[in-house]
There are 2 protein chains.
Amino acid sequence: MFQSYTIKDIAKALGLSTSTVSRALNGSYEIGSETKKLVLEYAEKVNYRPNPIALSLKEQKSHSIGVVVCEVANSYFSQAINGIESIAYNSGYHVIITQTHESAAREAANVQHLLSRHVDGLLVSLSAETTDITPYQYLHEKGFPIVFFDRIAPEINTHKVIANNYQGAFEATELLIQSGYTRIAHLTSSDNLLISRDRLNGFTAALAKHHIAFIPDYVKHCNRGGMVLEEVEAAIRELFSQPNRPEAIFIAGDKLTTTFIAGIKKLGMKIPDDIAVVGFTNSNVAELFDPPLTVVRQPAFQIGQTATELLIKTIESKRPIYEYKTEQLATELILRNSAPQLRPH
Amino acid sequence: MFQSYTIKDIAKALGLSTSTVSRALNGSYEIGSETKKLVLEYAEKVNYRPNPIALSLKEQKSHSIGVVVCEVANSYFSQAINGIESIAYNSGYHVIITQTHESAAREAANVQHLLSRHVDGLLVSLSAETTDITPYQYLHEKGFPIVFFDRIAPEINTHKVIANNYQGAFEATELLIQSGYTRIAHLTSSDNLLISRDRLNGFTAALAKHHIAFIPDYVKHCNRGGMVLEEVEAAIRELFSQPNRPEAIFIAGDKLTTTFIAGIKKLGMKIPDDIAVVGFTNSNVAELFDPPLTVVRQPAFQIGQTATELLIKTIESKRPIYEYKTEQLATELILRNSAPQLRPH
DNA sequence: TTGAAAGCGCTAACAT
DNA sequence: ATGTTAGCGCTTTCAA
């Protein structure tokens, strides 16, 4: 097929040994400057590229990192992947992306697949369905580098990178309260996820601060994270069939937010007249929505970058690491029209 | 770090030679059934996984394919990548994704990078800036497998997968005409891209069919493909400053469509009152826009799948291939409110 | 039916 | 300063 030059080819062409060529190419000191120059020039001429596979075999490293996310076609994750790729690329790693589609079984299969491909480390954002994290625990204890981002496993003591979900949720809820709303619902995904619990905590804390009673029936969980419209529609119906129906809602998920809006639209209701909305989303087109969406936006790109930096640092560390950190990045509240700052009558 | 069992470990544990173990694992015939069973059971027990790197080195194949696209965080490409991954995964290939951000220099660097990684083949969608396709021509002539999708290089005789851009553009334009519009503009990206030319042709053909004069000033090119708002705003201004300003527009790009709408909004105009819009986009949230967008949607997932199938077939073909095909998949016109079917007043 | 050995591209310890 | 050799994990001739 498509064959490139090897060290052997160069050695033969120049009448040298492979090790001399290798040394010249790697800038070793124990080599004559003329030989070095000769080799370097020839290598340049024939456009020599070291074979990364041979290097991997030698070094026992694949120079690849595995990524586990729920969905690529999701604005948050596509931006995070962008951040991941940017760092990985510059550090000479390539990235293998796998999708769980929010299924725990799929997630386990993906991790297996990545391990069998001998990735050097794992960047993981848990699926909504995942409860059993013992495989990760096991890998981590064996010294295998894992960094969690966004949907992290709190029980595992390794590097983690997240947005400040508590604070983001708090600000979103407080915005609604300060705009005059008191009957505020909360739509979130699986309770398995720490991000869901953090956001719920931010939500309740804001209510408490402003002396608004917390109503458990105002909180709905969609365990498929907005992947299926029906689940969200059912939640909407339950919310609206209550005696004191909510006037505003804080939604704690990217896909969940867009699916909720689609559901509201389908049921013939209007935002913000029927319900004011603040959602967690990283969609680049949220301002084009009807109405333009008030959102909590996460620094997805930076989260991807930071997680990758930490992972590569762990992979390349000479000595075992015992000190792990949890990086928490600030969210941004973007005011638009789905949550009017002055509640209409 | 994290070490898995090798054939050598198994051989030692069982008192066999590595070749015997290898044969057992690969279901060779020249092996005793008891030995085979013994090996298989032990391998199962210790959860043996062949080292793909060693295999790659042996077979001179990396089992990876390189992907060149302009942007991952673009609904069309994220869906196409989904299709690519689904096929690649099932065929034992992994996928390395690179982004050009519409820069020809970046594209060249990415191809170099992928080649140095010894990918077995390339899946390419050209950047808007690319004019020099000789590197691809060269690789192709050397027998290196390349499949183009979406933004193809017509000059190169290899497999190609595209949507029926001519037909999609024709239908979109005809919809506007049949709704009562006659002053129809066209916004498209770089003329370098065949898809731009195809869509322009579909546009003009629809005008011609309905005896509407083609006005060159109604056609605007944005060479950055909607990546920069300013470029699109300039095009909007030029369009609207004409004596007979257009009443409708057909937009031939994903990012271009959303950026155009953002631009219109920023300039304080209304869709469809100031201008009716039909755009090429695969956004999953186009129906949530204000107004819900009438769109031409491409089968991005299938395009990704088909391209990958063709590529893997080419890679795994024993004999050189001389017959190449261009697969053309139908687009879908989705009627919503940005292009009312009865033109107002 | 099984084993020994070579080789894929590269590096590094060990000669010279 | 340069060459020889072994070895990373695996397959595959060649020999037995």
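All values reported here derive from a predicted model rather than from experimental measurement. Order of the sequence lines fixes the chain letters, A, B, ..., with proteins taken first and strands second; residue numbering starts at 1 for each chain.
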*Just to confirm, is there a sub-4.0 Å distance from OP1 or OP2 of D:dG9 to any side-chain nitrogen or oxygen of B:Y48?*
no
*Return the value, rounded to whole Å, for the distance between atom CG of A:L38 and atom C1' of D:dA1.*
14 Å
_Atom-to-atom span, NZ of B:K12 to C1' of C:dG3 - whole angstrom_ = 17 Å
*Compare side-chain N and O positions of A:K8 against OP1 and OP2 of C:dC8 and report whether any pair is under 4.0 Å apart.*
yes
*asked:* As a test of reading the structure: which of C:dC10, C:dC8, C:dT2 is closest to the side chain of B:T35, going by heavy atoms?
replied: C:dT2
*Please name the pair of heavy atoms, one in A:Y324 and one in A:H159, separated by the smallest distance, quoted to 0.1 Å.*
CD2-N, 3.4 Å
_So which atom in B:N74 and which in B:E71 form the shortest heavy-atom distance, rounded to 0.1 Å?_
CB-O, 3.7 Å
*Round to a whole Å and report the spacing from CG of B:N26 to P of D:dG9.*
17 Å
*Proximity to the side chain of B:I31 - top-ranked nucleotide from C:dT2, C:dC10, C:dG9*: C:dT2
_Nucleotide C:dA12, atom P - distance to CG of A:L25 in whole Å_ = 13 Å
*Between atom CD1 in B:I10 and atom C1' in D:dC10, what is the gap in whole Å?*
12 Å
*For the base of D:dT4, is there a side-chain donor-acceptor partner from A:S19 under 3.5 Å away?*
yes
*Do A:S22 and C:dA12 share a donor-acceptor pair, side chain to base, under 3.5 Å?*
no
*In whole angstroms, how far is the P atom of D:dG7 from the CD1 atom of A:I53?*
23 Å
*asked:* D:dC8, OP1 or OP2 - any side-chain N/O from B:N51 closer than 4.0 Å?
replied: no
*asked:* side chain to side chain contact (heavy atoms under 4.5 Å, CB included) for A:L311 and A:Y93? Distances and angles first, verdict last.
replied: CA-CA 11 Å; A:L311 181 65; A:Y93 286 81; over 6 Å; no
*asked:* Heavy atoms only, 4.0 Å cut-off, all strands: where does B:S56 land among base, sugar-phosphate and nothing?
replied: nothing
*Check whether any side-chain nitrogen or oxygen of B:T20 sits under 4.0 Å from OP1 or OP2 of C:dT2, and answer yes or no.*
no
*Report yes if a side-chain nitrogen or oxygen of A:T18 is closer than 4.0 Å to either non-bridging phosphate oxygen (OP1 or OP2) of C:dG9; otherwise report no.*
no
_Any side-chain N or O of B:Q60 below 4.0 angstrom from OP1/OP2 of C:dG7?_
no
_Nearest to the B:R23 side chain among C:dA4, D:dT2, C:dC8, which nucleotide is it?_
C:dA4
_Short side-chain N/O contact to D:dT2 OP1/OP2 from A:Y29, under 4.0 Å_ = no
*Which value, rounded to the nearest 0.5 Å, describes the distance between B:L123 atom CG and B:I303 atom CD1?*
11.5 Å
*Go through the steps for A:V111 and A:Y136 under the test side chain to side chain contact (heavy atoms under 4.5 Å, CB included), then give the verdict.*
CA-CA 9 Å; A:V111 171; A:Y136 296 113; 3.4 Å; yes
*OP1 or OP2 of C:dG3 less than 4.0 angstrom from a side-chain nitrogen or oxygen of B:S17, does that happen here?*
yes
